[in-house]
Amino acid sequence: MAVDGGRQRVTRRRVQTRARLLDAAFTVFAAKGFGRVSIEEVCEAAGFSRGAFYSNFATLDELFFALYRDRADLIARQVADALAGEAPDLDVPASVDRVTDVLLLDVDWLLVKSDFLVHAARDPAVAEALLDHRARLRQAIADRLARARGHTPIPAVLGDADGAAHAVVAAYDGVTVQLLLDKDVDRARAWLKQLLTALLTDGSTRFG
């Protein structure tokens with residue numbers, strides 16, 4: 001029993017150490033950029049030694065990959081939850097509000113995500129992880145639109161639910177480029193709501 005308790009404490013400490021390293025890495029990567037960060041800087045920000053780092057990650061690339069995957073998985077779950085209404089019809093304004101609140105997180109996340117995109121453009125294995133995340137985001141949106149079809153029609157120009165989901169993610173990509181430059185989150189959120197409304201309806205729906 002004591003042995004099991006000891007193992008649980010070690011496992012809990014390891015999980016906590018990993019989480020602190022990931023949180024510290026997020027802050028440092030957002031501030032300096034992935035290519036300009038050292039293992040020592042991550043350890044210093046987390047308050048750990050290099051030994052703690054290497055007990056969790058083999059390389060800085062591995063940590064960066066784990067950081068992106070954890071955050072991307074969280075966002076994919078949040079989008080799915082935001083669109084998980086049981087009613088067959090789709091309240092487009094309410095759904096747009098929920099998705100916008102989830103997708104538009106913060107500039108720091110977008111900086112880290114942009115670094116990951118550049119990294120993925122040069123590494124097929126990393127690109128596969130990024131494509132998987134984007135596919136899951138689109139699938140969450142497409143599943144909800146497909147359930148609503150017949151009750152809330154999809155504009156013909158988008159084709160089917162999958163086409164509409166591609167358009168939603170593309171609109172998000174476009175808006176976040178501007179957000180990275182002007183740092184105006186409120187304006188970006190308003191633009192994204194307008195774009196998604198225009199995409200998913202005839203454009204007549206108004207927001208207050």
Test of understanding: clusters of I, L, V, M, F, W, Y form through side-chain heavy atoms closer than 4.5 Å, transitively. Do [X] and [Y] belong to the same one?
X      : Y      : value
Leu74  : Phe65  : no
Leu180 : Tyr172 : yes
Val177 : Val168 : no
Leu117 : Leu179 : yes

Aromatic centroids of Phe116 and Phe64 separated by under 6.0 Å: yes
Aromatic plane relationship, Phe29 with Phe34 - under 30° parallel, 30 to 60° tilted, over 60° perpendicular: perpendicular
Taking all non-hydrogen atoms of both residues into account, name the closest pair between [X] and [Y] and its distance.
X      : Y      : result
Arg189 : Thr100 : CG-CG2, 3.3 Å
Asp70  : Leu22  : OD2-CD1, 3.2 Å
Leu60  : Val42  : CD1-CG2, 4.1 Å
Ala120 : Ala127 : O-CB, 3.4 Å
Ala161 : Ala142 : CB-O, 3.5 Å
Lys193 : Val96  : CA-CG1, 3.9 Å

Rounded to the nearest 0.5 Å, what separation is found between the [atom1] atom of [X] and the [atom2] atom of [Y]?
X      : Y      : atom1 : atom2 : answer
Arg136 : Ile75  : CZ    : CD1   : 10.5 Å
Lys32  : Thr27  : NZ    : OG1   : 13.0 Å
Thr59  : Tyr54  : OG1   : OH    : 8.5 Å
Lys113 : Asp108 : NZ    : CG    : 14.5 Å
Phe48  : Leu21  : CZ    : CG    : 6.0 Å
Arg138 : Leu131 : CZ    : CG    : 8.0 Å

Working for side-chain contact (heavy atoms from CB on, under 4.5 Å), residues Tyr68 and His119: CA-CA 11 Å; Tyr68 181 85; His119 197 39; over 6 Å; no
Steps toward side-chain contact (heavy atoms from CB on, under 4.5 Å) verdict (Glu44, Glu40): CA-CA 6 Å; Glu44 182 179 353; Glu40 288 79 9; over 6 Å; no
Counterpart residues, side chain to side chain contact (heavy atoms under 4.5 Å, CB included), relative to Arg187 (two or more places apart): Asp182, Asp184, Trp191
Greater than 12 external heavy atoms within 6.0 Å of Glu62's CD: yes
His166 side chain vs Asp162 backbone, donor-acceptor pair below 3.5 Å: yes
Evaluation steps, salt bridge (Lys or Arg N to Asp or Glu O under 4.0 Å), between Arg71 and Asp23: CA-CA 10 Å; Arg71 300 279 173 142; Asp23 286 344; 3.5 Å; yes
